[in-house]
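Computed from a prediction, not measured in an experiment: that's the story for all the values here. The first residue of the sequence shown is numbered 1, and numbering continues consecutively from there.
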Amino acid sequence: MDRDTRCVLSWDVVAERTSQALQACLERAPQAKQYYSDAFPVYDTLYYGAPYEMRTDKQETYSVEAVNADLRHYLKRLARKSRCFSRRMHALIRNLQLFVYCYNQRQLMK
């Protein structure tokens with residue numbers, strides 16, 4: 001997330017949050033001046049190339065949590081696994097591409 005524009009800078013669809021998958025997503029994003037994350041253990045193993053701080057509170061990660069809530073709200077396939085889910089990974093990726101594009105356009109218009 002970009003703090004100024006609140007745009008999504010990088011995302012990925014993965015079956016499991018491994019350090020390799022998260023590092024690849026981090027490398028695709030533009031370099032930031034500062035990085036924050038919640039206390040998920042894998043985040044501590046990544047190379048950021050800038051100052052990094054792990055937080056147990058939501059003071060610095062609330063904007064990411066807000067986008068996660070919007071994803072679950074607008075893309076029902078992410079709301080409940082038992083009712084709505086993607087049968088094909090490609091379908092989920094295309095839905096997320098469209099969501100991120102529209103979300104970023106909305107953020108830039110504000």
Side-chain angles (χ1 to χ4, degrees):
M1 293 289 306
D2 181 272
R3 292 188 88 106
D4 296 330
T5 64
R6 296 194 184 263
C7 288
V8 177
L9 298 177
S10 183
W11 59 273
D12 204 354
V13 175
V14 295
E16 193 174 336
R17 287 190 289 180
T18 64
S19 59
Q20 293 84 7
L22 292 173
Q23 187 66 49
C25 186
L26 182 64
E27 289 170 1
R28 282 193 306 274
Q31 182 68 38
K33 295 177 187 172
Q34 177 76 35
Y35 290 90
Y36 298 98
S37 75
D38 59 11
F40 187 65
V42 175
Y43 294 146
D44 206 25
T45 65
L46 303 177
Y47 174 72
Y48 294 92
Y52 163 72
E53 187 178 335
M54 185 178 288
R55 304 290 299 248
T56 56
D57 60 1
K58 300 291 183 193
Q59 185 177 352
E60 302 297 340
T61 61
Y62 63 89
S63 56
V64 174
E65 299 298 332
V67 172
N68 290 342
D70 286 343
L71 276 168
R72 287 188 298 277
H73 177 75
Y74 291 111
L75 298 180
K76 295 303 178 193
R77 65 184 66 216
L78 299 175
R80 272 183 76 189
K81 280 188 173 182
S82 63
R83 296 275 182 180
C84 302
F85 58 91
S86 297
R87 287 181 171 42
R88 294 181 52 210
M89 187 71 81
H90 181 70
L92 178 60
I93 290 170
R94 297 297 286 177
N95 273 198
L96 284 170
Q97 283 176 332
L98 181 60
F99 174 84
V100 169
Y101 173 79
C102 293
Y103 185 87
N104 286 347
Q105 292 300 312
R106 183 187 80 169
Q107 293 304 104
L108 292 173
M109 295 292 277
K110 288 183 175 182

How long is the gap from NE2 on His90 to CG on Asn95, to the nearest 0.5 Å? 10.0 Å
Which heavy atom in Ser19 sits nearest to a heavy atom in Thr45, and how many Å separate them? CB-OG1, 3.6 Å
Does anything in residues 16-29 pair up under salt bridge (Lys or Arg N to Asp or Glu O under 4.0 Å), and if so which pairs, sequence neighbours excluded? Asp12-Arg28
I'd like to check the ring pair (Phe, Tyr, Trp, His ring centres under 6.0 Å) partners of Tyr36; sequence neighbours left out, ordered by chain and number. none
What is the minimum heavy-atom distance between Ser63 and Arg6, and which atoms define it? CB-NH1, 3.2 Å
Interatomic spacing from OG in Ser10 to CG in Asp2 - rounded to 0.5 Å: 12.5 Å
Quick check against the 3.5 Å criterion: does Thr61 have a side-chain atom that pairs as donor or acceptor with the backbone of Val64? no
Looking at Tyr47, I want to see if its OH is surrounded by more than 12 non-hydrogen atoms of other residues, nucleotides or ligands under 6.0 Å. no
For Val13 against Trp11, the heavy-atom pair lying closest together: CG2-CZ3, 3.8 Å
Among residues at least two apart in sequence or on other chains, which ones pass ring pair (Phe, Tyr, Trp, His ring centres under 6.0 Å) with Tyr62? none
Sequence neighbours left out, what passes side-chain contact (heavy atoms from CB on, under 4.5 Å) with Ala39? Give chain and number order. Met54, Thr56
Show, in sequence, the C-alpha distance, side-chain angles and deciding distance for Met1 and Val67, and conclude whether the side chain to side chain contact (heavy atoms under 4.5 Å, CB included) test is met. CA-CA 9 Å; Met1 293 289 306; Val67 172; 3.4 Å; yes
Output the distance between atom CG (Asp44) and atom OG (Ser37), rounded to the nearest 0.5 Å. 7.5 Å
May I have the list of side-chain donor-acceptor pairs in residues 97-107 shorter than 3.5 Å, sequence neighbours left out?
residue	atom	partner	partner atom	Å
Gln97	OE1	Arg94	NH1	3.0
Asn104	OD1	Val8	N	2.7
Asn104	ND2	Val8	O	3.1

Looking only at heavy atoms, which two atoms of Ala32 and Ala50 are closest? And how far apart? O-CB, 3.3 Å
Kindly compute the distance separating OH (Tyr52) from OH (Tyr43), expressed to the nearest 0.5 Å. 8.5 Å
Gap separating the CG atom of Leu108 from the SG atom of Cys7, nearest 0.5 angstrom: 4.0 Å
In the hydrophobic clustering (ILVMFWY, side-chain contacts below 4.5 Å, transitive), which residues join Val14, or is it alone? none
Step-by-step side chain to side chain contact (heavy atoms under 4.5 Å, CB included) determination, Thr18 to Val42: CA-CA 7 Å; Thr18 64; Val42 175; over 6 Å; no
Atom CG in Asp70, atom CD in Glu65: separation rounded to 0.5 Å? 11.5 Å
